[in-house]
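Just so we're on the same page: letters track the sequence lines, and every chain starts at 1.
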Amino acid sequence: MSKILPKAFFEQSDVVFLAKNLIGKQLSTKIDGIFTSGIITETEAYAGSGDKACHAHLGRFTKRTKVMYEPGGIAYVYLCYGIHHLFNIVTNTKGNADAILIRAVEPTDGIPHMLERRKKQKLDKTLTSGPGNVTQALGITKQHNEESVLGEYIWIEDHNRNSRRIKETTRIGIDYAGKDAELPWRFYDTNSSFVSVK
DNA sequence: TCGACGATGACCT
DNA sequence: GGTCATCGTCGAA
């Protein structure tokens, strides 16, 4: 029994709760006609204008960040370090720029295609652990920015695998955020080896 | 227009 | 554990 998460799920206001709740859900993509999916094992919450680590801190509204102000249920994809595409899910209602970064998944379907995209010979934890690796394995790029995550290319299903043990800890790579860098807004599944722990 | 830099990963020792 | 590739975005000028 599984079902696609409805738009109302992503429009909830508690982004930290949602980030934790997404652990164990199945993220699927059908890009270039190729179906791949994996169980979400690691996420981070970014809480809009009040969060120093968030791109929309203090209501910053630019061509890049405007998608975060849209109602929940769409993708926010952007380029980091000129190389890596990072996949976020926009949450909360219109005007509230919350988002959840998907940092790692555990591959379940289309593994041969993921290996091909990642140019790897065999399955190991580096295939889909780390936000840049996740997007590469699933085929997500900047052209999927603003794409619905309830759509024909990207969607998320509840496979009732929510009884997993979830660890809360601090976010990664946001030293510039000062005190907000200490918030325990990163979540990962301690039962899975497909996480990008540091 | 231009310079600085980042929600990283790969590869080296 | 350390280095470095690589480019779009942002904000200052």
Side-chain angles (χ1 to χ4, degrees), chain A residues 10 15-20 22-23 27 38 40-70 72 74-92 96-107 114-147 149 154 166-189 193-198:
Chain A
F10 300 103
V15 67
V16 176
F17 165 81
L18 283 175
K20 188 172 180 177
L22 278 175
I23 303 288
L27 172 64
I40 296 171
T41 55
E42 186 176 350
T43 62
E44 283 182 11
Y46 287 86
S49 64
D51 179 5
K52 220 173 177 177
C54 182
H55 291 160
H57 178 50
L58 296 180
R60 189 163 58 160
F61 189 90
T62 65
K63 195 175 179 182
R64 181 178 65 153
T65 63
K66 69 174 184 182
V67 60
M68 298 177 77
Y69 293 85
E70 292 299 309
I74 58 176
Y76 168 41
V77 185
Y78 82 101
L79 189 66
C80 182
Y81 292 97
I83 305 172
H84 308 290
H85 297 274
L86 270 59
F87 172 62
N88 301 248
I89 299 168
V90 175
T91 68
N92 211 328
N96 293 294
D98 294 355
I100 298 168
L101 171 67
I102 306 300
R103 293 190 53 87
V105 303
E106 183 174 318
M114 295 193 203
L115 290 170
E116 189 180 343
R117 282 173 176 150
R118 299 272 293 112
K119 295 187 168 41
K120 296 179 79 72
Q121 301 303 313
K122 62 179 179 60
L123 174 64
D124 63 31
K125 69 175 63 175
T126 66
L127 181 66
T128 53
S129 60
N133 292 334
V134 170
T135 55
Q136 194 177 8
L138 294 178
I140 298 172
T141 67
K142 266 184 35 137
Q143 70 178 0
H144 301 103
N145 193 34
E146 299 187 64
E147 189 67 48
V149 296
I154 304 170
I166 297 172
K167 170 86 175 171
E168 303 180 10
T169 182
T170 53
R171 292 175 290 180
I172 288 176
I174 53 165
D175 296 341
Y176 59 87
K179 203 156 192 247
D180 284 349
E182 301 169 13
L183 291 167
W185 285 359
R186 170 169 165 250
F187 304 95
Y188 66 90
D189 182 347
S193 58
F194 288 89
V195 294
S196 63
V197 278
K198 264 194 178 169

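By the 4.5 Å heavy-atom criterion applied to side chains, A/Thr170 and A/Trp185 are not counted as neighbours. Residues A/Leu101 and A/Ile89 are not in side-chain contact: their nearest non-hydrogen atoms beyond the backbone lie 4.5 Å or more apart. Between A/Phe87 and A/Pro131 the shortest side-chain heavy-atom distance does not fall below 4.5 Å. Taking the side chain as every heavy atom from C-beta outward, A/Tyr69 and A/Val90 never approach each other to under 4.5 Å.
Salt bridge status for A/Glu168 with A/Arg186: absent, with no side-chain N to carboxylate O gap under 4.0 Å.
When distances run from any side-chain atom of A/Asn133 to the nucleotides B/dT8, C/dC10, B/dG9, the shortest one goes to B/dG9. Out of B/dA7, B/dT8, C/dT9, the shortest distance to the side chain of A/Lys142 is found at C/dT9.
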Could you list, one pair per line, each protein nitrogen or oxygen that sits under 3.5 Å from a nitrogen or oxygen of nucleotides 2-5 of chain B, together with the distance?
none

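With sequence neighbours left out, the side chain to side chain donor-acceptor pair (under 3.5 Å) criterion links A/Arg117 to no other residue. Looking at residues two or more places apart in sequence or on another chain, you find a side chain to side chain donor-acceptor pair (under 3.5 Å) between A/Asn133 and A/Arg118.
Formation of a donor-acceptor pair under 3.5 Å by the A/His144 side chain with backbone atoms of A/Thr141 is found in this model.
With a 3.5 Å limit on both pairing distances and Watson-Crick or G-U wobble geometry required, the stems of 3 or more pairs in DNA chain B span B:1-6 with C:7-12, B:8-12 with C:1-5.
The side chain of A/Arg60 places no N or O atom within less than 4.0 Å of a non-bridging phosphate oxygen (OP1 or OP2) of C/dC10. Between A/Lys66 and C/dT9 there is no side-chain N or O to OP1 or OP2 distance below 4.0 Å. Considering only side-chain N and O atoms, A/Arg118 lies under 4.0 angstrom from the phosphate OP1 or OP2 of B/dA10. Within the 4.0 Å cut-off from OP1 or OP2 of C/dC10, at least one side-chain nitrogen or oxygen of A/Thr62 is found.
Contact detail for A/Asp98 and A/Val15: the closest heavy-atom pair is OD2-CB, 3.7 Å.
Side-chain contact, A/Ser196 with A/Lys125: no donor N or O sits under 3.5 Å from an acceptor N or O.
Taking the ring centroids of A/Tyr78 and A/His55, they lie under the 6.0 Å cut-off.
Listed in residue order, the members of residues 174-184 of chain A having a heavy atom less than 4.0 Å from DNA chain C come to none. The stretch residues 77-85 of chain A comes close to DNA chain B through A/Tyr78, A/Tyr81, A/Gly82, A/His84, each having a heavy atom under 4.0 Å from the strand.
From A/Lys20, atom NZ reaches atom NZ of A/Lys167 across 11.5 Å, with rounding to the nearest 0.5 Å. A distance of 11.0 Å separates CZ in A/Arg171 from OG1 in A/Thr43, rounded to the nearest 0.5 Å.
With the nearest nucleotide of DNA chain B identified for both A/Tyr46 and A/Lys120, A/Tyr46 has the one nearer the 5' end.
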